[in-house]
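Here the structure is a predicted model, which is why all the values come from computation and not from measurement.
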Amino acid sequence: MLGPNGAGKTTTIEILEGLTLPDSGEVEILGTPWRDGAAGRALRERLGIQLQETQLADKLQVGEVLALFRSFYRQSHTVDEVLALVGLEEKRKARVVTLSGGQKQRLAVACALVSKPELLFLDEPTTGLDPQSRRQLWEIIRRFRADGGTVLLTTHYMEEAERLCDRVAIMDHGKIIAQGTPKELIASLGADHVVDFALTEGGIAADLVEVLRQMGGVSAVRTGPDGVSLTVVELHRALPALLALLQDRGVELSLLTTHHASLDDVFVALTGRQLRDT
Amino acid sequence: MYQLALSRMREFYREPEAVFWVFGFPIVLAFALGLAFRNTGPGKLQVGVVAGSGDSALAATLDSSPRLIATVLDTATARLRLKSGRVALVVVPGDPVVYRYDSTRTESGLARLEVDDVLQRARGRRDLVAVRDDRAVAPGSRYIDFLIPGLLGMNLLGSGIWGVGFSVVQARQRKLLKRYMATPMRRSHYLLSFILSRLVFLIVEVVALVGFGWLLFGVAVRGSFASLGGITLLGSFAFAGLGLLVASRARTIEGVSGLMNLVMLPMWILSGTFFSYSRFPNAMIPFVKALPLTALNDSLRAVMIDGASVMTLGTPIAIVVAWGAVSFVIALKIFRWR
């Protein structure tokens, strides 16, 4: 589930986890609706949950935290097994307070994995982590998925969604505005490259925008405060045409970049806003 | 539940400040108060003699009494020392001899009697009735004997409410409670784990304080240890219940701290921990007696000082149990789980 901060990802995932009551609608997890009491506990046995804001007890050792969470489940990994899963073997005797941000996050994921879950909920597991810690967590998630587990993950990093997810739902203002595989979503742009440019004189004339729209290979034109963004099908045709046009008009470029279309561009196409700006 | 209780204990004993406040502080308090109020009998009374004719002879006469220390002072110093309480009485030599003192001070009254007796005897007064002193020290009548059971009660109150209250609110504030809710953990196990860990600490607390009182001040337990154990157990459960109630809704440590003080402060003052609640006006006594700490302190004193058996303590024990049970049930109903 991909979306900017405040899009409603955490609320949605907590409703699915049975921690927040929905105002309306129904939730089924693994084919079962949420029930109080024994039925609810039986369902929880099959889930692994990591919450965004949980702070585990500082004074406990890593191994003790896992032993505690393990004791809640009928069947579970041993402490050693789950430490190996998240690569914290050497931290077993370390107190939680001494762990780095990335290690704390891996411990939180370990607490979710300890129950041998069929379904793993991860709420922004890599937010605020350095690139190396993020890649370590991605590796843990990939291994869980490779062993046949299902993961529901929220993130506001489009790169994370593209790399990890089989299916992506893009969320904004509490609604899912698009869903599909990352490839499908990018393909829905109708083009596979994006050209961003800006002019030295600042703004761009309205008639020039109109000309750009008609140009061969351009599927969409968007103007923003920072410049113009073209979604193009064939970069090798569109780019020379663009340069020729600008020269013809006698205007000068102050910026020109191109990149492969990403989920970020999908989000921009759908909402008119940048994912990372929000 | 065992693992929950175990984590609770680990978190506690790894917090040196908490350990001090729960175990160290009551002992320090008992030590300090025990020293300050130790029963050494009335000490020597300081008496001033104002400089004048025959002052040193008068001072020597008074000094000969084993219970008086007389000093010759000039008028201004004597007045100052009397005012500040450093002498109990000032004697002005002459005819008549003048006793200057504050009649509302017990010490001064004693000094007046003793000084007069010594002076009259020195001039030849004789006793007309034969008397004999029969001195007795009643067991358990010292201040420390009164204090130790009170401190034990206060300690159970404090560790019950602090121990439970802070853990619950901290877990709620750090979203740990919500995280537990995401597991199949039973809610009742979570609450019961507090009771279980309290039980373990209870043993340490009681042994530490009662052992300290016994070793250093010879405060004995006249009733049975089983009675003492039973009463402290009930008291501890009652206060754990009260702690859960106090912490059942609060979202922040600041919020719960205020509530805890609101609950504990009146009991510290009213419930006869440091002084007997019989000093309060009669109209207040039934209210004071209905407080759980009062009932617990009364029961503890009955067992430790009077050697009473649990069987004779029906009413105070019922009060303690009722507070615990009602708090626990309400806490369970209104508990904020996330």
* Angle class for the B/Phe212/B/Phe31 ring planes (parallel below 30°, perpendicular above 60°, tilted otherwise)? -> perpendicular
* Asked: Relative to A/Tyr157, does A/Arg163 satisfy both conditions: NZ or CZ under 6.0 angstrom from the six-membered ring centre, and within 45 degrees of the ring's axis?
  -> no
* Using a strict cut-off of less than 4.0 Å between a Lys/Arg side-chain nitrogen and an Asp/Glu carboxylate oxygen, indicate whether A/Glu14 and A/Lys9 qualify as a salt bridge. => no
* **Which of A/Arg74, A/Gln50, A/Lys59 touches chain B most, by non-hydrogen pairs under 4.5 Å** => A/Lys59
* Can you tell which of B/His189, B/Arg187, B/Gln170, B/Arg186 has the highest number of heavy-atom pairs within less than 4.5 Å of chain A? -> B/Arg186
* Given that the side chain runs from C-beta out, which part of A/Glu45 has a heavy atom under 4.5 Å from chain B: side chain, backbone, both or neither? -> both
* Run through A/Ile29, A/Val151, A/Leu19 and flag the one making a side chain to side chain contact (heavy atoms under 4.5 Å, CB included) with A/Phe121. => A/Ile29
* Asked: Checking A/Gln61 against chain B: side chain, backbone, both or neither under 4.5 Å from a heavy atom?
  -> both
* Asked: Can you tell me how far the CE atom of A/Met158 sits from the CG atom of A/Asp264, to the nearest 0.5 Å?
  -> 4.5 Å
* Between B/Phe335 and B/Arg249, is there a cation-pi geometry (under 6.0 Å to ring centre, at most 45° from the normal)? -> no
* Asked: So which of A/Ala57, A/Ala38, A/Ala112 has the biggest tally of heavy-atom pairs under 4.5 Å with chain B?
  -> A/Ala57
* Asked: Where on A/Leu56 is there a heavy atom nearer than 4.5 Å to chain B: the side chain, the backbone, both, or neither?
  -> both
* Structure fact -> Counting heavy-atom pairs under 4.5 Å with chain A, the top scorer among B/Gln3, B/Lys178, B/Arg179 is B/Arg179
